[in-house]
Protein chains: 2
Amino acid sequence: MSQTPKQPADRPVPTSADVARLAGVSRATVSYVLNNTSAVRISEPTRVRVRAAAEELGYVPHAAARSLRAGHTRIVLLPTAHIPVGPLYSRFFNELQWELRRLDYTVVQYGSLGLGADEAARAWAELRPVAVVSLGEIELTPQGVRLLKRSGARAVITLGPQRVEGAHALVMDQREIGESAVAHLRERGRRRIGVLIPEEPGLELFSKPRLAGARKAAHGTDTVIEPVTMAYTEESAAELAGRWRELGLDAVFAYNDEYAMLLMRALQDADIDVPRETAVIGADDLLLGRLLRPRLSTVHVEMVTGRHLAELVDRVVRDPDGAPERHDLMGARALPRESS
Amino acid sequence: MSQTPKQPADRPVPTSADVARLAGVSRATVSYVLNNTSAVRISEPTRVRVRAAAEELGYVPHAAARSLRAGHTRIVLLPTAHIPVGPLYSRFFNELQWELRRLDYTVVQYGSLGLGADEAARAWAELRPVAVVSLGEIELTPQGVRLLKRSGARAVITLGPQRVEGAHALVMDQREIGESAVAHLRERGRRRIGVLIPEEPGLELFSKPRLAGARKAAHGTDTVIEPVTMAYTEESAAELAGRWRELGLDAVFAYNDEYAMLLMRALQDADIDVPRETAVIGADDLLLGRLLRPRLSTVHVEMVTGRHLAELVDRVVRDPDGAPERHDLMGARALPRESS
DNA sequence: TTGAAAGCGGTACCAA
DNA sequence: TTGGTACCGCTTTCAA
């Protein structure tokens, strides 16, 4: 009943040749009309005929053919990690991809399944992306960067603490976060500071530099940094809280607000007073952290917006030889509330 | 100093013709060797020469050229919405894309910038995706589905409450969530139930069906459903709590756990006893909900895993004419804790 | 103003 | 066992 008579269902999608035939013109003319090529003047009647034919057939150009001919794509490749990152990062990532789309790029997410750095670069290069934005899941090597550039990538951008030769660097220095947290705790007079390391796999990318930053802030002072591990479960938090007093710590930087909330509750349930006996500080400035009592102190992270990064990508694509910019992606500052 | 002499930096990436030339064979042979084509026997010495040449030049095949020739791609297109979805959904989405990658698909995220349904379908079709998984950001039409199928899509899968003709349906019926919540509150003797609608744009996709489900559960009973709006800020929550008593409600289904936590705290700060005076229930079963006192009641959502969906995609791609499956993506059940 | 044809980089058929 | 070559769909000279 609801068969549409005009479009036979499963004939393959028509090509520009089909349009040309129906309109009684050449394929060249079809291309000119449909792309509004300005270097060539096509009479209005012809334009109309071509457009009508395209419309009637439901013509859709073939992106791969087009970019094969053009010699380049509009693909921005985003390697993605298979890890449970926080809400802040998700939001950033989502916004980035959205803004890239707005700038008319095609966003390809590429999960790099345990590939080595150079294998991954090879796999990415097959798509001939015009840009690669590596958020740090895979360590790009200088060779990898070179390969990508040779294969048409005009922008290779890495976030993450370390520079890669040949790539544009956006430094997202997680260490600042740990540094701010510990500096703040020290100001509050704390001297034996625990640093929480999540047990969840994949989070080392964030937790290790945060710990390093904490150590840096304590370096050369009388402050002791003690790493402690915890999983994101009530049981693990309770277990840790249960042996808290043995650890003899008077403060903890709890990786982020989510872990901090969990641990703080567990400490309270174990009758450890926060902040008197132990100060707690998280990171990310989640709204929910303000709901607990005491209100959770946190490190507010000023992250670049996805839009910002998308625009940088676009700028580099347009002018790859511009001075290799180096941007700082975040600033961190402690936001004391009641738990520290 | 660290210039690698072997690979001249900016000569374009070599083609299979270059490899053939260097190895002293034809392009056909290169293709056979590099693809391990079994229908053809190539001598071992030749294989070695070809592989060596490819290696030396840093040959990387051109995906677009390959799929142009092949007549199909391995692209799975994932239209994405520009909305702040919850952690559950993010996790699902991330897992989905990861598992698709594992099955050797190329995941393309496609933000559909205010395109209409059919314009979007056209834009997607340009990429000739082998599958499209529409999570509901854009309402696919039957014409859109037909266009995609004609252009090579073997699987067109829609999540969301409504079926689309021609597409495989995965029903993610958000209504169940509201229904479970209200049924639970009714059991607890509540009769004037508020349903929180977030003010954040884009969330209607979830909030509307949840409200509809709530209404369904109340239909034909003496229970009143009252929609109330709130933004995800402390101010908005405080404002709502400030006029709570005027509303005369004895319970609220607060959209999800995050909004619920925010509202519950605001109610408590306004001296409204939870659950005595007003019961609160959220949804998503976030770990953090258990940290507040009283512990937050919630609706646990049993969501299909990304892996599950990825496997379905793969199955349909392999056998598009299999019976048009219809899957149910979630089950919802109330999980009473202390706030209701 | 329009058309013929080359060519982008692979693959696979048919011959040799 | 290997090579020649047509072709996938599109853009863009170059001629007419």
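First the proteins, then the strands, lettered A, B, ... as listed; each starts at 1.
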Notebook entry, point to check: Which nucleotide sits closest to the side chain of A:R69: D:dA6, D:dT12, C:dT2?
Noted result: D:dT12
Check: Mind checking whether B:V132 and B:I157 have side chains closer than 4.5 Å, heavy atoms only?
Finding: no
Checklist line | Any B:I75 side-chain heavy atom under 4.5 Å of B:R128 side chain | finding: no
Check: How do B:S43 and B:A70 order along DNA chain D: which one's closest nucleotide is nearer the 5' end?
Finding: B:S43
Margin query: Heavy atoms from C-beta onward define the side chain here; which of C:dC8, D:dC7, D:dC10 lies closest to that of A:Y59?
Written below: D:dC10
Notebook entry, point to check: How close or far is atom C1' of D:dT12 from atom CG of A:N35, stated in whole angstroms?
Noted result: 11 Å
Notebook entry, point to check: Among the nucleotides C:dC8, C:dG10, C:dT2, which one has an atom lying closest to any side-chain atom of A:L68?
Noted result: C:dC8
Check: Among C:dT11, D:dT2, D:dT1, which is the nearest nucleotide to the side chain of B:I42?
Finding: D:dT2
Next item on the list: Would you mind classifying the nucleic acid contact of B:V13 as base, sugar-phosphate or nothing, using non-hydrogen atoms under 4.0 angstrom?
Entry: nothing
Next item on the list: Among C:dA4, C:dG9, C:dT2, find the nucleotide with the atom closest to the side chain of A:A28.
Entry: C:dA4
Notebook entry, point to check: Starting at NE2 of A:H62 and ending at P of C:dG10, how long is that distance when rounded to a whole Å?
Noted result: 16 Å
Note to self: Please confirm whether the shortest side-chain N or O distance from B:S16 to OP1 or OP2 of C:dT11 is below 4.0 Å.
What the structure shows: no
Next item on the list: Measure from the side-chain heavy atoms of B:T29 and tell me the nearest of C:dG9, D:dT11, D:dT2.
Entry: D:dT2
Checklist line | Spacing between B:R49 atom CZ and D:dT1 atom C1', to the nearest angstrom | finding: 12 Å
Checklist line | C:dC8 phosphate, OP1 or OP2, under 4.0 Å from B:T15 side-chain N/O | finding: no
Next item on the list: Assign A:V25 to base, sugar-phosphate, or nothing according to its heavy-atom contacts below 4.0 angstrom with the strands shown.
Entry: sugar-phosphate
Note to self: Output the rounded distance in Å from CG (A:L34) to P (D:dT12).
What the structure shows: 13 Å
Next item on the list: May I have the distance from B:D18 (atom CG) to C:dC8 (atom C1'), rounded to whole angstrom?
Entry: 13 Å
Check: If you look at every strand shown and take non-hydrogen atoms under 4.0 Å, does A:T46 touch a base, only sugar-phosphate, or nothing?
Finding: sugar-phosphate
Next item on the list: Could you tell me the separation between the CZ atom of B:R66 and the P atom of C:dG9, rounded to a whole number of Å?
Entry: 14 Å
Notebook entry, point to check: Roughly, in whole Å, what's the span from NE2 in A:H72 to C1' in D:dT11?
Noted result: 11 Å
Margin query: If we count only N and O atoms by modelled type, under 3.5 Å, do the side chains of B:T141 and B:D118 hold a donor and an acceptor together?
Written below: yes
Next item on the list: Would you mind reading off the distance between A:Y32 atom OH and C:dG3 atom P, rounded to a whole angstrom?
Entry: 10 Å
Check: Counting only N and O atoms by type, is there a donor-acceptor contact under 3.5 Å from the side chain of B:E99 to the main-chain atoms of B:L96?
Finding: no
Next item on the list: Find out whether B:V145 and B:L148 are in side-chain contact, i.e. whether some heavy atom of one side chain is under 4.5 Å from a heavy atom of the other.
Entry: no
Check: Between B:A65 and A:R47, which has a closest nucleotide on DNA chain C that is more 5'?
Finding: A:R47
Notebook entry, point to check: Is any NZ, NE, NH1 or NH2 atom of the basic residue among B:R318 and B:D314 found under 4.0 Å from an Asp or Glu carboxylate oxygen of the other?
Noted result: yes
